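Each remark here refers to the structure printed beneath this line.
Counting begins at 1 with the first residue of the sequence. Everything quoted here is computed from the prediction, not taken from an experiment.
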Amino acid sequence: MSGGDSLAERTGVLRRAMRGRDPGEEHRAATPLELLFDLTFVVAVAQAAAQLHHALAEGHVGSGLTGYAAVFFAIWWAWMNFSWFASAYDTDDVLYRLLTLLQMAGVLVLAAGVPEAFQDGDFSVVVVGYVIMRLAMIAQWLRAAAEHSAGRGAALRYAAGIAVVQCGWIARLWAGGVWAPVPFVLLVVAELAVPAWAESRGRATNWHPGHIAERYGLFTIIVLGEVILASLNAVQSARTEHGLSAQVLLIALGGLLLVFALWWIYFTGSDAVLANLRTALVWGYGHYIAFAALAALGSGLEAALDATEHHAHLSERAAGLAVAVPVVTVLLMLGVLHPMTGTGAVGHGLLVVAGALVVLALGFSSPALGLGGAVLGMGLAVAASLTANTMALHRRARG
C-alpha cells in the first residue's frame, strides 16, 4: 500500500460508491467508527439505568419500569438500525462518517433528555434526539438507493417507512392524558414492522451474519460494563458512609458472579447462524429484552445495596426481586435465542428454566435469607446453571 493510500484509509476516503458489502466477506470486524458510535450509547444506557435505579429506590416501580422500557427502546432501536445498515453499506467515506457522527450527536441529545422523561414524563428532548438519529438514517438509506441499484427497492422502503414513523413520533408530543400510551405502542409496532416490510418484498440487504453477531456481542459487553460500574459506585458509596458490612460484601460478590456467569452463557459457542429473515428478525428483536434486562440488573443491584443501607423505600423482597427478575428475563430470553441460532451455553431448555425458577425463588426469599444471602445465592444458581448447560453441550458434542 502506498503512503497516499494509507493516509486515505486513516482519514476517510472523500467519496466511495455505496455498492453494498459482500455478506461472505472474511475477517469482517467492527470498525473504529462503529466502536466510537457504541461509546455514545454507553452514555445513554447509563442514563436510563441510573434513572431506573432512582425510581426503584423511591418505590416508584411501575412508572420507573414504564419509563425505562420506553427510553431503552429508543436507544436500542437506533443502535440496532445503524448496526444492520452498516453491516450492509459501510463505505467509510466522508459523507458516511458525517452522517454517522450526526447520529452520535442525536443519541447524546436523547441521553440529555432521559432525566426529564423519568421525572416529569416529558419526552420532548428524547424525541428530538431520536428523530435526529433517524433523519440521518433516512439520508443513509436514500444514498444507498441512489448508488446501489440492486438494493434500491429495499432502501427506498426503509427510507419511506422510517420517515412516516418519525412524523408520528413528532405528532405524539401533542398527545396527552390517558391516550398517550396508545400512540406510543402503535408507533413502536410501526417501527418494528419497517424492516420486515422492507426486507420481505424483494432482494434483502447484504448484511454480514458474522459482523452482526460481533456487533451484538459488543453491545452486550457495553451493558455488562454498565452493570459493573453501577454496582461499584453503589459499593463505594456504602463503604464511604458506613463501611463494608457483610451484606454489602455478599451483594457485591453475588453481583459479580451474576455478571461473569451471564457473560459466559452469552459468549460460549459460535457465531449466530441467521439462516433466514424470520430468524434474523426474532434474534435481533429479542435482544431488546435481553439488553434491557441486563442493564436493569445494574439498577437492581444498586437498589438492593440502597435497601441494605436503609436508603431506599423498598422492602427486602422488592429489592431482591429487582435483582432476580432481570436475571430470570435474561436467562429465559437467551434460552430462546441461542438454540435458534446455534450459539451460547444453552444445552437444554429445562436446565435454563430450572435455573430461572431458583433465582426467582431466591428473590422472593430475600426477607428470610437477607439481601446479601439471596443475591449471592442467585449468582451461585446461575453459575450452576451455566455448568450444567456446558456439560450438556459437551455430551451432545460427543454424541
Side-chain angles (χ1 to χ4, degrees), residues 18 20-21 30-31 33-41 44-45 48 70-91 96-111 126-145 148 151 154-170 187-200 204-209 211-216 218-220 222-223 274 277 280-292:
M18 189 173 274
R21 299 287 292 261
T31 66
L33 182 62
E34 287 176 311
L35 298 178
L36 179 62
F37 183 82
D38 289 351
L39 191 60
T40 61
F41 280 82
V45 171
V71 168
F72 202 93
F73 174 82
I75 296 168
W76 163 78
W77 188 245
W79 176 88
M80 175 177 162
N81 273 236
F82 169 78
S83 296
W84 287 75
F85 176 86
S87 188
Y89 288 110
D90 183 2
T91 59
Y96 178 86
R97 288 188 175 190
L98 289 175
L99 288 172
T100 302
L101 293 174
L102 178 60
Q103 292 180 74
M104 295 182 202
V107 75
L108 293 176
V109 173
L110 185 154
V126 170
V127 169
V128 169
Y130 181 75
V131 170
I132 289 172
M133 290 187 285
R134 305 300 279 149
L135 289 176
M137 199 74 257
I138 292 170
Q140 295 276 38
W141 280 115
L142 289 175
R143 182 185 173 193
H148 185 220
L156 288 175
R157 285 190 291 273
Y158 268 112
I162 294 170
V164 170
V165 179
Q166 299 326 293
C167 293
W169 285 118
I170 295 171
L187 287 167
V188 166
V189 172
E191 289 276 20
L192 296 174
V194 169
W197 171 61
E199 297 281 355
S200 63
T205 52
N206 297 330
W207 43 268
H208 191 290
H211 176 249
I212 286 295
E214 183 196 27
R215 297 293 293 124
Y216 275 71
L218 289 172
F219 201 83
T220 300
I222 286 173
V223 176
L274 307 178
L277 178 61
L281 289 175
V282 173
W283 187 83
Y285 290 2
H287 271 76
Y288 164 69
I289 298 174
F291 288 154

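- Between Val45 and Phe219 there is a side-chain heavy-atom pair separated by less than 4.5 Å.
- Across Trp207 and Ala88, no two heavy atoms sit closer than the pair N-CB, 3.8 Å.
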- Task: Apply side-chain contact (heavy atoms from CB on, under 4.5 Å) to Tyr288 and Met80, showing your working.
- Result: CA-CA 9 Å; Tyr288 164 69; Met80 175 177 162; over 6 Å; no

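- Checked against the 6.0 Å centroid criterion, the rings of Phe72 and Phe291 do not qualify as a close aromatic pair.
- Atom-to-atom distance recorded for Thr40:OG1 and Met133:CE is 8.5 Å, nearest 0.5 angstrom.
- Nearest heavy atoms, Pro195 versus Tyr285: CG-OH, 3.4 Å.
- Here the side chains of Phe73 and Leu192 are in contact, with some heavy-atom distance below 4.5 Å.
- Each of Tyr89, Phe85, Trp141 was scored for a ring pair (Phe, Tyr, Trp, His ring centres under 6.0 Å) with His148, with one residue passing: Tyr89.
- Contacts of Glu191 classified as side chain to side chain donor-acceptor pair (under 3.5 Å), with partners at least two apart in sequence or in another chain: Trp77, Tyr130, Arg134, Gln166, Trp169.
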- Starting from the C-alpha separation in whole Å, work towards a yes-or-no answer on side chain to side chain donor-acceptor pair (under 3.5 Å) for Glu214 and His208. CA-CA 10 Å; Glu214 183 196 27; His208 191 290; over 6 Å; no

- Query: Passes side-chain contact (heavy atoms from CB on, under 4.5 Å), Ile162 versus Leu135? Steps please.
  - Reply: CA-CA 8 Å; Ile162 294 170; Leu135 289 176; over 6 Å; no

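- Rounded to the nearest 0.5 angstrom, Leu33 CG and Arg97 CZ are separated by 6.5 Å.
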- Test side-chain contact (heavy atoms from CB on, under 4.5 Å) on Thr91 and Arg143 and set out the steps. CA-CA 11 Å; Thr91 59; Arg143 182 185 173 193; 3.7 Å; yes

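- Taking CZ of Arg215 as the start and CG of Leu35 as the end, the distance is 7.0 Å to the nearest 0.5 Å.
- The structure places CZ of Phe41 at 7.5 Å from OG of Ser83, a figure rounded to the nearest 0.5 Å.
- Between Leu218 and Ala30, the closest heavy-atom pair is CD1-CB, 3.7 Å.
- Distance check: Leu110 CG to Ile132 CD1 gives 9.5 Å after rounding to the nearest 0.5 Å.
- Residues Ala44 and Ala111 come closest through the heavy atom pair CA-CB, 3.8 Å.
- Across every non-hydrogen atom of Ala48 and Val71, the tightest pair is CB-CG1, 4.1 Å.
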- Task: Begin from the C-alpha positions of Leu156 and Leu142 and carry the test side-chain contact (heavy atoms from CB on, under 4.5 Å) through to its verdict.
- Result: CA-CA 6 Å; Leu156 288 175; Leu142 289 175; 4.2 Å; yes

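- Taking CH2 from Trp84 and CH2 from Trp79, the interatomic distance works out to 9.5 Å, rounded to the nearest 0.5 Å.
- Residues satisfying the side-chain contact (heavy atoms from CB on, under 4.5 Å) test with Arg21, not counting sequence neighbours, are Glu25, Arg28, Asp90.
- Formation of a donor-acceptor pair under 3.5 Å by the Glu34 side chain with backbone atoms of Thr31 is found in this model.
- Taking all atoms of both residues into account, the shortest heavy-atom contact from His211 to Ala86 is CE1-C, 4.4 Å.
- Between Gln103 and Val107 there is no side-chain heavy-atom pair separated by less than 4.5 Å.
- A ring-centre distance under 6.0 Å is found for Tyr216 and Trp283.
- Side-chain atoms of Gln140 and Met18, non-hydrogen and from C-beta on, do get closer than 4.5 Å to each other.
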